[in-house]
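Before any comments, here is the structure.
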There are 2 protein chains.
Amino acid sequence: MSFDSPCATPAANARPQPIRIHHGFEDSMRFGEMCAVRCSTCALRRVCVPEGLSDEDARRFDDVPRVRRAVRRGETLFRAGDRFEHIYAVRAGSFKTVVMHPDGREQVTGYLLAGELLGLGGIAAGHHVAEAVALEDSQVCAIGFPGLEAVAGQVPVMQRQLHRLFAAAIVRDQSQLLRLGTMRGEARLASFLLDISARLAALGYSPRSFLLRMTREEIGSYLGLQLETVSRMFSRLQARSILTVRQREVTLVDTLSLGEMANSAA
Amino acid sequence: MSFDSPCATPAANARPQPIRIHHGFEDSMRFGEMCAVRCSTCALRRVCVPEGLSDEDARRFDDVPRVRRAVRRGETLFRAGDRFEHIYAVRAGSFKTVVMHPDGREQVTGYLLAGELLGLGGIAAGHHVAEAVALEDSQVCAIGFPGLEAVAGQVPVMQRQLHRLFAAAIVRDQSQLLRLGTMRGEARLASFLLDISARLAALGYSPRSFLLRMTREEIGSYLGLQLETVSRMFSRLQARSILTVRQREVTLVDTLSLGEMANSAA
DNA sequence: CGCCCACTTGAACACCCTCAAAGGCTGTGG
DNA sequence: CCACAGCCTTTGAGGGTGTTCAAGTGGGCG
């Protein structure tokens with residue numbers, strides 16, 4: 001987990017290698033490779049970086065040590081107990097975060113898409129408490145946290161953005177708590193699908209048809225259900241013509257009914 | 001929700017009024033009253049404020065606009081939709097945070113004790129998403145967030161502490177997600193009680209015997225259970241001599257068994 | 001004292017889990 | 001290219017946990 005790639009020096013620039021990453025990023029890189037990058041040319045700039053940075057501030061932000069890193073599907077970005085040094089911005093692909101129970105059971109606590117931040121919880125104790133696993137071939141920006149803090153201290157608008165992203169993580173967790181605490185299985189799934197749909201839409205993808213990157217078991221863990229229950233719910237929703245499922249490909253048909261289910265008391 | 005109390009000018013100091021606040025703080029104040037305070041004399045300093053501040057930094061921190069405020073039991077500190085302006089540090093007493101569902105149901109998402117921060121999620125959207133309600137007569141420090149950010153930008157150790165407190169909120173939420181996602185009702189209650197016990201111990205209170213400040217209904221909402229189920233679980237644990245309950249007064253007897261329950265798969 | 005609210009306890013039922021079996025998809029190696 | 005293994009997914013049946021509805025008790029406060 002150390003950044004010893006020959007490419008990881010701040011001055012170096014990515015030398016693209018023709019390996020396709022999903023989600024249509026124009027540039028690509030070898031897996032395991034890590035390259036210095038600049039945010040000013042990043043497609044996700046409007047998600048990560050605050051609007052209206054002055055040229056000088058933007059330059060200062062680009063000076064934060066930061067490397068891009070490709071993570072293959074199933075690989076872990078960090079594990080519980082790893083020393084906290086970086087936060088990670090998902091650049092392409094998707095991740096799950098998993099918390100381990102003392103007895104070995106796992107709980108999926110997060111499902112992260114492009115533009116979202118990973119690993120923030122690690123600041124509390126100086127080491128990560130969760131594990132982050134790529135759900136597909138993905139890319140992240142690893143941002144050295146001390147450097148980021150230093151810049152945030154000098155550029156108020158950066159600091160504000162950092163805090164907003166912290167808060168966004170808290171709000172995400174809270175809405176997940178709402179799901180687990182008050183909803184029936186069916187409503188949890190409906191709400192989960194609508195949430196993903198909205199987040200994909202915000203990234204410019206189709207909110208109607210998408211590929212789930214988690215297995216039934218992972219979705220179940222995330223929603224506090226068993227994998228069989230998740231499967232049954234999908235079948236039931238399809239039988240009611242509310243959506244169509246084929247393996248992990250979901251197409252929302254009746255978004256209104258889905259919304260009612262997510263918000264209904266029963 | 002504006003700070004227009006005559007006492008709320010930065011220079012003024014508290015004029016104690018003999019109203020008792022639980023949890024044994026030496027100084028007290030009238031309810032609804034808001035007074036400027038300094039952290040350097042606060043009993044919770046070691047929880048809120050980082051260790052080893054230089055004198056100069058400590059002075060700068062004390063300059064952050066900040067007022068103490070007494071909140072009577074049942075009163076709300078902020079509501080969902082309120083503009084986000086302050087974060088609140090619990091000084092004495094306890095709070096719950098509640099998220100409202102579109103259909104009117106409520107979900108208790110947090111149970112906050114002295115030294116913990118309230119309202120952080122509001123930064124994300126500029127307004128609060130949850131509601132905070134005092135569970136007993138309590139006191140908070142209301143800290144103007146822009147001012148806090150300004151000081152954090154100048155004093156790295158303050159900034160680090162702020163981030164740590166952010167992260168602590170995330171970690172708290174994650175462990176609650178673990179509870180709701182993987183545990184049976186009984187294990188949830190056991191884990192909840194142990195969590196409270198540990199947090200009270202950290203504040204110097206007895207970890208063995210304490211007063212729950214939430215009703216069965218609120219505990220149930222927090223744990224994703226019905227109030228009847230919570231009541232039954234308490235009765236069952238008492239029948240097994242693992243604890244004793246009388247209304248809201250709980251005494252943990254067999255902490256080992258409680259821990260096993262919280263960590264067991266079944 | 002009496003009201004109200006919180007809490008307790010019981011019984012029937014619903015939801016979801018557990019166990020089990022079978023079919024489908026994917027990737028690997030022959 | 002096919003065969004096979006392994007995992008993911010679906011579906012069924014039965015049982016357990018927690019919910020819902022209902023009634024009754026107890027404590028706190030006016």
Side-chain angles (χ1 to χ4, degrees), chain A residues 22 72-74 96 105-108 133 135-137 179-192 211-240 243-250 261 264-266, chain B residues 22 72-74 96 105-108 133 135-137 179-193 211-240 243-250 261-262 264-266:
Chain A
H22 300 123
R72 205 184 286 277
R73 182 181 136 201
K96 66 171 176 179
R105 271 174 310 169
E106 301 190 339
Q107 161 80 7
V108 175
V133 181
L135 292 168
E136 61 192 300
D137 297 342
R179 243 174 242 141
L180 295 185
T182 66
M183 294 184 188
R184 290 291 151 93
E186 202 179 66
R188 285 184 210 172
L189 183 58
S191 160
F192 168 66
L211 209 58
L212 290 172
R213 298 297 184 168
M214 295 201 282
T215 66
R216 299 288 186 261
E217 185 170 13
E218 288 164 334
I219 296 172
S221 172
Y222 186 56
L223 298 178
L225 301 169
Q226 292 306 113
L227 69 96
E228 297 95 328
T229 307
V230 175
S231 177
R232 270 185 256 271
M233 305 264 165
F234 268 126
S235 302
R236 205 194 299 170
L237 292 180
Q238 182 160 29
R240 284 196 232 150
L243 50 75
T244 62
V245 198
R246 219 184 90 81
Q247 299 300 119
R248 304 197 190 170
E249 195 172 322
V250 177
M261 286 175 39
S264 73
Chain B
H22 298 126
R72 205 184 285 278
R73 181 179 138 203
K96 66 172 175 177
R105 273 174 309 171
E106 303 190 338
Q107 161 80 8
V108 175
V133 181
L135 292 168
E136 60 192 298
D137 296 342
R179 243 174 241 141
L180 295 185
T182 68
M183 295 185 187
R184 311 249 141 197
E186 201 178 69
R188 285 184 209 172
L189 183 58
S191 160
F192 168 67
L193 292 172
L211 209 58
L212 290 172
R213 298 297 182 168
M214 293 201 283
T215 66
R216 299 287 185 263
E217 186 171 12
E218 288 164 334
I219 297 172
S221 171
Y222 186 56
L223 298 178
L225 301 168
Q226 293 305 113
L227 67 97
E228 295 96 329
T229 306
V230 175
S231 177
R232 270 185 256 271
M233 306 260 165
F234 269 126
S235 302
R236 203 195 300 171
L237 293 180
Q238 182 161 30
R240 285 195 231 151
L243 51 75
T244 62
V245 197
R246 221 184 90 81
Q247 300 299 118
R248 304 198 190 171
E249 194 171 323
V250 177
M261 285 175 37
S264 73

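Convention: sequence-line order gives letters A, B, ...; per-chain numbering from 1.
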I'd like a list of close polar pairs between nucleotides 4-7 of chain C and the protein, N/O only, cut-off under 3.5 Å.
unit_1 : atom_1 : unit_2   : atom_2 : d
C:dC7  : OP1    : B:Arg248 : NE     : 3.0
C:dC7  : OP2    : B:Arg216 : N      : 2.7

What is the separation between atom [atom1] on [X] and atom [atom2] on [N], rounded to the nearest whole Å?
| X | N | atom1 | atom2 | result |
| --- | --- | --- | --- | --- |
| A:Leu237 | D:dT9 | CG | P | 16 Å |
| B:Leu223 | D:dT17 | CG | P | 18 Å |
| B:Ile219 | D:dG18 | CD1 | P | 16 Å |
| A:Gln226 | D:dT10 | CD | C1' | 15 Å |
| A:Glu228 | D:dG15 | CD | C1' | 14 Å |
| B:Met183 | D:dT17 | CE | P | 17 Å |

Atom pair [atom1]/[atom2] of [X] and [Y] - distance to nearest 0.5 Å:
| X | Y | atom1 | atom2 | result |
| --- | --- | --- | --- | --- |
| A:Leu212 | A:Gln247 | CG | CD | 11.0 Å |
| A:Lys96 | A:Met214 | NZ | CE | 8.5 Å |
| B:Arg188 | B:Thr182 | CZ | OG1 | 8.5 Å |
| B:Glu217 | B:Glu106 | CD | CD | 8.5 Å |

Inset, instruction - Give the angle between the helix axes at the two ends of the helix from C:dC1-D:dG30 to C:dG30-D:dC1, taking five base pairs at each end and rounding to 10°. - result: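 End-to-end axis angle: 40°.
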
Legend entry - Sidechain-backbone polar pair: A:Arg248 side chain, A:Leu211 backbone, donor-acceptor under 3.5 Å: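 Looks like no, no N/O pair under 3.5 Å.
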
Could you go through residues 221-239 of chain A and list every donor-acceptor pair under 3.5 Å that involves a side-chain atom there, pairing it with any protein atom two or more places apart or in another chain?
unit_1   : atom_1 : unit_2   : atom_2 : d
A:Ser221 : OG     : A:Val108 : N      : 2.8
A:Ser235 : OG     : A:Ser231 : O      : 3.1
A:Arg236 : NH1    : A:Glu186 : OE2    : 2.8

Write out a two-atom table: protein N or O, nucleotide N or O from nucleotides 11-15 of chain C, distance below 3.5 Å.
unit_1 : atom_1 : unit_2   : atom_2 : d
C:dA11 : N6     : B:Arg232 : NH2    : 3.4

Legend entry - Contacts of type side-chain hydrogen bond (donor to acceptor under 3.5 Å, both in side chains), residue B:Arg179, not counting sequence neighbours: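 With neighbours one apart ignored, the set is B:Gln176, B:Ser191.
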
Inset, instruction - State which residues pass side-chain hydrogen bond (donor to acceptor under 3.5 Å, both in side chains) with B:Arg216; sequence neighbours excluded, sorted by chain then number. - result: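 B:Arg216: no side-chain hydrogen bond (donor to acceptor under 3.5 Å, both in side chains) contacts found.
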
Inset, instruction - Using a heavy-atom cut-off of under 4.0 Å over every strand shown, decide if A:Arg188 touches base, sugar-phosphate, or nothing. - result: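 Nothing, no heavy atom under 4.0 Å.
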
Inset, instruction - Assign B:Gly224 to base, sugar-phosphate, or nothing according to its heavy-atom contacts below 4.0 angstrom with the strands shown. - result: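 Sugar-phosphate only.
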
Inset, instruction - Choose from C:dA20, D:dC21, D:dG18 the nucleotide whose nearest atom is closest to any side-chain atom of B:Thr229. - result: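 Ranking C:dA20, D:dC21, D:dG18 by closest atom to the B:Thr229 side chain puts D:dG18 first.
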
